[in-house]
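Counting starts at 1 for both ligands and their atoms, in listed order. This chain uses plain numbering: 1 for the first residue, then up along the sequence.
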Amino acid sequence: MPSSPYFYSFALFISLSLLFFLYGPHILPLKHPPTSHISIADDLDDLSLFRNATLSASSSRASSSKVSHLSFSNARPKIAFLFLTNSDLVFAPVWSQFFSGNERLYNIYVHADPSAKLSDTHKLFQNRFIPAKRTERASPTLISAARRLMANAILDDPLNLYFALVSQSCIPLHSFRFVYRSLFGNSIRVLNAFSTQSKHKSFIEILSRDPNLAERYAARGQYVMLPEVPFEKFRVGSQFFILAKRHALLVLKDRKLWKKFKLPCLNIHSCYPEEHYFPTLLSMKDPEGCSHYTLTRVNWTDSVDGHPHTYDTGEISPALIHTLRQSNSRYSYFFARKFSPDCIKPLMKIASKVIFRD
Ligand SMILES: *[C@@H]1O[C@H](CO)[C@@H](O)[C@H](O)[C@H]1NC(C)=O
Ligand SMILES: *[C@@H]1O[C@H](CO)[C@@H](O)[C@H](O)[C@H]1NC(C)=O
């Protein structure tokens, strides 16, 4: 009969391990909601999509040089508008007026959370929905959704050279022409847009000083970001950006940082993966190619629980639009958020006379 103290310690160890094995997974994940995890199946599915997108981009580059100027002689570069939403796209009438008359110069793609019940979609967005997966605050699912939008846009149309991420609570602050010319330059330079792609700047906020940076860095555990992301390289920035195509491709090719940023947070209160992943990756890969500021205006005064100020109907006026456009950078703001859904009425009243006059 085994009766040595070793046996008892061994038996205790086995039963404790067994207990942990059986119950551990049910105890541990309570720190974060179950859906915040990215499943292996979803991750592999995305990987295949991103690979398809990067492959199609390199083959269209190769064929465009072969066909030389022929196929692209009448082509104009386009802006891909990527709408990330989990509710109705209530500002569709404003966006519809924004896009009106510029059909050859843009494409629209929508990623809508499949669990959100969207009511009748405005015709602007019909057939523009891409295969979507669940999204949730304080989880890396918002990074995946943004990458999925970029991949679909790249696969859909090789003329998409800029990728503007917006949400359902964003509105335009300028005309489409203004935005287009600011990104691509005047009409003569538009013809050169394909050959000068390597000089296209991305407009993404990249900040290295933030009072909560250390806490945000450690949201998944103190040392888990190492060695891929040392603290000195960790950046923060606005969730909404406009990326040049080469940067969108760079984001789709990344596996190294994603491995870390896809980990679920242990500290939900410092968990904003989408505000960290893109600024950190782009600042590591091509800091000079990025503006370091965003073109989407947000009002963080008196923010509550990570939500910015939401403008209501009483605040909408021509003066507000003019104020929101003002920036300290070379460009005036293109878009603004957030607005309550009922702002659509007063916004439509001033759309042609104020918003789209510039
Ligand atoms: C990627 O392309 C392959 C081959 O065309 C296709 O079978 C696969 O479904 C694509 N993956 C995704 C996620 O679209
Ligand atoms: C920002 O929001 C605050 C309220 O939170 C408001 O008082 C202020 O006027 C807003 N600023 C702008 C520029 O709209």
Test ring-ring contact (aromatic ring centres under 6.0 Å, His included) on F356 and H174 and set out the steps. CA-CA 5 Å; F356 302 128; H174 278 288; 9.7 Å; no
Between [X] and [Y], is the ring centroid distance below 6.0 Å?
X	Y	result
H111	Y109	no
F203	F241	no
H200	F184	yes
W95	F98	yes

Proximal ligand 1 atoms for D45, defined as those under 4.0 Å from one of its heavy atoms: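 Near D45, meaning under 4.0 Å from one of its heavy atoms, ligand 1 has 13 (C).
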Output the list of atoms in ligand 1 that are nearer than 4.0 Å to some heavy atom of L49, sorted by atom number. 13 (C)
I need the nearest protein heavy-atom contact for [atom]: residue, atom name and distance, please.
atom	value
atom 13 (C) of ligand 1	S48 OG, 3.3 Å
atom 2 (O) of ligand 1	N52 ND2, 2.2 Å
atom 14 (O) of ligand 2	Y311 OH, 2.6 Å

Could you say whether the N/O atoms of T323 and ligand 2 ever approach to under 3.5 Å?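 By distance alone, the answer is no.
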Do I206 and Y293 come close enough that some side-chain heavy atom pair is under 4.5 Å? no
Less than 4.0 Å between atom 4 (C) of ligand 1 and some protein heavy atom, yes or no? no
Please check atom 9 (O) of ligand 2 for a protein heavy-atom neighbour under 4.0 Å.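 Not a single protein heavy atom is under 4.0 Å away.
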Run the salt-bridge test on E205 and R235 with the 4.0 Å N-O cut-off and return the result as yes or no.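 Looking at E205 and R235, the cut-off is not met.
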Have a look at T310, L320, N299 and point out the one with the heavy atom closest to atom 1 (C) of ligand 2. N299
